[in-house]
Amino acid sequence: MPNRLIMRLSVQDVRAETPDVIVLSFSHPRRPELPAWSAGAHVDVHLPDGSVRQYSLCGDPQDRSIYTIAVKREPDGRGGSLWLHETAAAGLEIPVSAPRNHFSFHPESGRHVLVAGGIGITPLAPMAKRLVAEGQRFVLHYCAKSRSKAPFFAELEALCGSRLRPWFSEEGTRFDPLSALTGETGSELYVCGPQGLIASIEEAASKLDWPNGKFHMERFTALANDTFVPEPFKVVIASSGKELDVPEERTLLSVLRENGFALHSSCETGTCGSCECGYREGDVLHRDVVLTPDKQKSRLMPCVSRGKGTLVLDL
Ligand code: FES
């Protein structure tokens with residue numbers, strides 16, 4: 001798999017959107033146009049310590065001159081958001097990847113239900129803007145602690161009008177997934193937010209028999225590993241017939257790399273989609289949060305996913 005294009009982009013502007021969210025825009029120092037993207041896409045931001053963070057693009061896909069991301073300060077996170085909050089300033093150059101999109105958006109479909117939790121609004125805001133522009137039927141449920149802590153709220157309120165349903169826990173309104181989704185089964189459902197919100201919507205969608213292909217979500221965090229016990233398995237490389245053992249303490253990605261397969265990776269937690277590869281046969285224990293159930297039938301993320309017995313990889 002070819003490596004993802006990485007560009008040194010200049011920070012064009014940094015502004016405070018809420019007390020703990022900054023909005024950064026990037027441009028290319030020499031080229032007027034950046035690679036195209038569509039609503040739901042994210043970029044990898046490469047930090048000086050070698051780590052990589054994924055951020056959804058939240059600007060206008062028609063404006064190819066800049067990428068815009070929003071970064072929430074996470075004092076208990078891994079340090080990436082704090083570095084950006086404390087260091088990012090106009091003129092700073094930061095390596096940023098070309099966009100990738102695992103959050104499929106189907107603007108042509110009938111009705112749409114968008115549910116955002118806090119900073120999870122970032123991939124959904126460009127979707128809402130496009131639905132407005134195309135005159136599509138939709139509702140955007142926006143859950144946050146308060147109006148002042150909800151990024152882009154004023155802009156979305158002006159844009160969406162009564163199609164925006166705010167739920168602010170500190171202001172006494174709480175989102176109830178079951179009542180919000182009742183009567184909407186069959187609409188395209190898009191969800192992005194913290195794990196608790198996603199889990200509650202999965203539960204409601206299951207009660208309402210929501211069709212699998214119409215439920216699209218983006219998670220910020222990897223699956224919990226508390227109860228998962230990795231076991232050894234084998235892979236066969238389809239192009240050569242070579243067999244490789246993956247011991248319980250190693251990832252498939254590391255074994256493949258050791259054997260000459262230069263797979264790209266970024267998060268190594270199953271959340272970014274960079275290391276995706278195909279397989280032809282075998283039982284895969286999917287541990288990513290990126291691939292849809294349909295895609296999981298032929299693709300896997302070797303940084304976290306494993307096999308049962310033997311897998312035949314499309315390499
Ligand atoms: S490296 Fe991000 S999903 Fe594998």
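When a ligand or atom number is given, it counts from 1 through the structure's own listing order.
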Parallel, tilted or perpendicular: ring planes of W167 versus H141, cut at 30 and 60 degrees: parallel
Neighbouring protein N, O or S atoms of atom 2 (Fe) of ligand 1, below 2.8 Å: 2
is_close_aromatic(H112, H106), centroid dist under 6.0 Å: no
Parallel, tilted or perpendicular: rings of H102 and H42 (30°, 60°): parallel
Residues, nucleotides or ligands: over 12 heavy atoms within 6.0 Å of R31 CZ: no
Partner residues of E157 under the side chain to side chain donor-acceptor pair (under 3.5 Å) criterion, sequence neighbours left out: R147
Enclosure of K295 NZ (heavy-atom neighbours >12, cutoff 6.0 Å): no
